[in-house]
Amino acid sequence: MAYDFAAIEPKWQELWESEGVFHVTEDESRPKFYNVQMYPYPSGELHMGHLRNYTYVDLLTRYHRMRGKNVLSPMGWDSFGLPAENAAIQTGVHPREFTERQIVTMKAQLRRLGAVYDWTRELASHTPEYYKWDQWLFLQLFERGLAYKKRARVNWCPKDQTVLANEQVVDGACERCGTVVVKRDLEQWFFKITDYADRLLNDLATLTEWPERVRVMQENWIGRSEGCQFRMLVADTDLGFEVFTTRPDTVFGMTFAVLAPEHPLVEQLMTGSDTESEARAYIERTARQSEIERLAEGDKSGVFTGRFAIDPVNGRQVPIYIANYVLMGYGTGAIMAVPGQDDRDWEFAEKYGLEIIRTVEPPPDWTGKAYTGDGPAINSDFLDGLDMSEAKKRIIAWFEEQGIGRGTIQYRLRDWLISRQRYWGSPIPIIICPRDGLVPVPEDQLPVVHPDVKDYAPQGRSPLASVPEFVNVECPKCGGPAERETDTMDTFVDSSWYYLRYCDPHNESRIFDPAAVRYWMPVDQYVGGVEHAVLHLLYARFITKVLHDMGLVDVEEPFARLFTQGMLVKDGAKMSKSKGNVVSPDRYYTRYGADAIRLFELFIGPPTDDAIWNDNGVEGTFRFLDRVWRMGTGEIGRVADRDENPGDREVLAVTHRTVKKVTEDIDRFHFNTAVAALMGLANSLIDYLNSDEGGRRATFDEAFRLMILMMAPMAPHMTHELWERSGRGGMLAVEAWPEWDPTLVRQETVTMIIQVNGKVRDRIEVAADIDAVEAEKVALESAKVKAHLDGKKIEKVVVRPPNLVNVVVR
RNA sequence: GCGGGCGUAGCCGAAUUGGCACAGGCGCCAGACUUAGGAUCUGGUGGGUUCGCCCAAUGUGGGUUCGAGUCCCACCGCCCGCACCA
């Protein structure tokens, strides 16, 4: 009788839910395990690539539950965002209706996979119960000066008609839709993440259970540079500007200075200079370019302003240029150019015929252009002879004595731009009063709920702005007429704290109960895609630190262990709807069932690596399951009630070794080899049942019991059914994970390999506790070994009992 | 350019510590069962072989070591991230 998954799967899915098997509360008597997957956008249809992640998380939930932990595995929805809004623009369906339909679909798909969660804690960021606390959080940041509004040059996506955070601009294009982003000067809301730059950077060192790759990406993104900022004066004027450099030791080599085209001083410098018209033409050209065009241009270009700056260390006058290779967004938007020690300055100096002075002695064999390495300072007055770090200290001290500069630390990280000119997000709870300025919405008036609008289409401002009843309010302070802020928050604000809300999801009076958070946090295992390395993962760390500083959260870091899974690749691209290469699980559910799909997802390759979709893979894991099923139902081989013999004991030994292997593999996230080990065990058990004398009933039952326990987190439906049919009682999901018996795992005899000059010449079964003397004796007595020793002199015998003897001869 | 990672069979991959290279799966070949097989089962799947074994092999070249897929150096190729960040 074949495995009837179509009948068995719904039965168990129903039972896991109705019995509340995975519903948990705080319980000090058991170790907790907080298992979270980055909550998904409810996109509706799940494809095989998605199922990979859900299977991993579900495996961990079930495994740690069997290990006796109090496992919290919640699920929720990152349900604000553009897809629902774009659908609304096209079809007129309210984003809420669209979103909630998608959630229903997606829940059914998770259930179909057999994924279990504590559904009592389900949350969705588009619900007022949730985004009320987004708004509350915003107000906390506002009160602490960590949320502010300012006019700034920001990234604007012309297609989505909204601003974007720096983190959401990838290669100069909108992360969502791929449209080239343009710069606009707009008044926008920011979170002051830069105040936390040093802590976000330093605490990366504590995240030892995070992938190196992600830590490095965050480190680079935060981009700490130690250096020096000092003031330069413009000759024959009363103007001046600040420059930032990481190489103040090379200041004597400055032969020109460069300002970014957007630098505020540029206008004054150009006006009335000899080269004014030329400079204006250049600025106009570069200003029109998007960043991508500037990059694509590749070549450095610039124009002389007609003015000179005074080098503070030696009084020399150096020309001031405007050039495209200096960015307004970093440092002070102005640099001292030292072509002798900087590749970019060298390139520019060569192009425009500017002087080059070396101030660091390159090595004698140096053939390159600019020399950026260490070496004794030359042509540098009182710095001569000092190495880089000494010279830096000395010159910074000198700047400080003179009162014109100081040592500083620059970060590449910019403040997080969180306002969006879109409808389907959490409204920013601020009222703009002509008298009192920016006034927080009083807490008892939260949440600020979306009004319905006629038109969701973006018009360069939030659709909320077209609803007068929403916009026009009384100022909470003075009672006079005022207007609401109409921008909504970046959805990354919602996702920066949802894992805290899971701990106490229905609290109506507080964002969460700190006691519940104290019990569950930090997240023990966080699972998600590496694409969030500098987005969500950075924001969440920031918000956790803010809440920590507010005394609401004990931990400084939210995610103790991070696992970033690989993608599923098909036709050379990540499986995704937009690429049109998705494989729907439907036909695999119908033909092979959920467990075969789960096993395939686990078996397809190392979880951290991208895996290539293979049409036959699910069939392979189904064959394995089907064999296990037929073993369990007595359709394969033969069992007998007979006395035990050494072969029976060996079957148990193999089983216990598999328990050890599978346990260790799951603990180190080698799910693919854990499945392989179970396939190997199944093959061994089949051989055992097919042997001449058949299997001994008691032995087989025990081995099979252990195999079912190990497979329970991987293929839960079939194993639950087999467990129930075995008449053991109880639900498999809450059975204890098996322990291996060390005496069975231990090999009594071991195959010792004997090498001559590193080549294997013989294999001999020896006692596992053989000593070195005996091992050497056995090895040298081997006839096969002797044949290779013939007429040669033994130089040395390397003995590593009980595994290896290597005879070195000449 | 800087940073992170990878390269093992026809394909996906295994090899926690330097110690039998290739577990497990896919595909393919042969056989069994069968009216039939795209089901299932058994065996095989680098080369040579006198069937005892022998030889070759982890991108390329070198090094360390009794011993290297693993460590070191150089090179080739691929993937990812950041990128005119001063």
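Chain naming here is simple, since letters A, B, ... match the order of the sequence lines and numbering starts at 1 in each.
- Regarding contacts with the backbone of B:rC53, every side-chain N or O of A:Arg761 stays at 4.0 angstrom or more from both OP1 and OP2.
- Only the C1' atoms considered, B:rC84 is 13 Å distant from B:rC2, to the nearest whole Å.
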Exercise for the section: Could you please spell out the steps behind the side-chain hydrogen bond (donor to acceptor under 3.5 Å, both in side chains) verdict for A:Tyr592 and A:Thr621? Expected result: CA-CA 9 Å; A:Tyr592 305 113; A:Thr621 52; over 6 Å; no

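- When the P atom is used for both B:rU8 and B:rG59, the distance is 6 Å, rounded to whole Å.
- Within 90° of 0 lies the glycosidic angle of B:rG52, which makes this nucleotide syn.
- Residue contacts shown for A:Arg224 are absent, as no nucleic acid heavy atom lies under 4.0 Å away.
- Side-chain nitrogen and oxygen atoms of A:His670 include at least one within less than 4.0 Å of the OP1 or OP2 phosphate oxygen of B:rA15.
- Distances from the side chain of A:Val760 to the nucleotides B:rC53, B:rA39, B:rC20 place B:rC20 closest.
- Within 4.0 Å of A:Arg412, counting heavy atoms only, lies at least one base atom of the nucleic acid.
- In this structure, the ring of A:Trp613 has its center less than 6.0 angstrom from the ring center of A:Phe600.
- Within 4.0 Å (heavy atoms only), A:Pro211 reaches no atom of the nucleic acid at all.
- With respect to A:Glu650 and A:Arg657, a salt bridge is recorded, a charged nitrogen being found less than 4.0 Å from a carboxylate O.
- Atom NE2 of A:His532 is separated from atom CG of A:Leu538 by 12.5 Å, given to the nearest 0.5 angstrom.
- Residue A:Thr332 is classed as having no contact, given no heavy-atom separation below 4.0 Å to the nucleic acid.
- Taking atom P in both B:rC51 and B:rA68, one finds a spacing of 33 Å when rounded to whole Å.
- In this model, a side-chain donor or acceptor of A:Arg800 finds a partner on the base of B:rG19 within 3.5 Å.
- Not a single donor-acceptor contact under 3.5 angstrom links the side-chain atoms of A:Lys796 to the base of B:rC66.
- To the nearest 0.5 angstrom, A:Arg761 atom CZ is 12.5 Å from A:Ile754 atom CD1.
- Only the P atoms considered, B:rC6 is 16 Å distant from B:rG18, to the nearest whole Å.
- As judged by a 4.0 angstrom heavy-atom cut-off over every strand, A:Ile636 is placed among residues making no nucleic acid contact.
- Within 4.0 Å of A:Lys759, counting heavy atoms only, lie sugar-phosphate atoms of the nucleic acid but no base atom.
- Among the protein residues, A:Arg627 comes within range of the sugar-phosphate backbone only, with heavy atoms under 4.0 Å from sugar or phosphate atoms but none that close to a base.
- Residue A:Gln755 is in base contact, counting any heavy-atom pair closer than 4.0 Å across all strands shown.
- When the C1' atom is compared between B:rC71 and B:rU64, the two are found 8 Å apart, to the nearest whole Å.
- A:Phe348 and A:Tyr321 have their aromatic ring centers within a separation under 6.0 angstrom.
- For B:rC26, one of the phosphate oxygens OP1 or OP2 lies less than 4.0 angstrom from a side-chain nitrogen or oxygen of A:Arg623.
- The side chain of A:Arg630 lies closest to B:rU40 when the candidates are B:rU40, B:rG13, B:rA86.
- No contact: A:Glu795 has no heavy atom under 4.0 Å from any strand.
- At a threshold of 4.0 angstrom between heavy atoms, the contacts of A:Val798 include nucleobase atoms, whether or not backbone atoms are also involved.
- To the nearest whole angstrom, the two C1' atoms, one in B:rG24 and one in B:rA15, are 12 Å apart.
- A:Asn614 comes within contact range of the sugar-phosphate backbone alone, with a heavy-atom separation under 4.0 Å but no base atom that close.
- A cation-pi geometry, defined here as NZ or CZ lying under 6.0 Å from the six-membered ring centre and within 45° of its normal, holds between A:Arg412 and A:Trp221.
- A donor and an acceptor atom never sit less than 3.5 Å apart when one is taken from the side chain of A:Asn220 and the other from the base of B:rC82.
- Looking at the side chain of A:Met679, the nearest of the listed nucleotides B:rC80, B:rG24, B:rA39 is B:rG24.
- Across all strands shown, nothing is found opposite B:rU16 as a Watson-Crick or G-U wobble partner with both distances under 3.5 Å.
- Within 4.0 Å of A:Asn672, counting heavy atoms only, lie sugar-phosphate atoms of the nucleic acid but no base atom.
- A:Gly620 comes within contact range of the sugar-phosphate backbone alone, with a heavy-atom separation under 4.0 Å but no base atom that close.
- Here, B:rG69 and B:rA57 have their P atoms 10 Å apart, quoted to the whole Å.
- Residue-level contact check: A:Asn683 touches the backbone only, with heavy atoms under 4.0 Å from sugar-phosphate atoms and none from bases.
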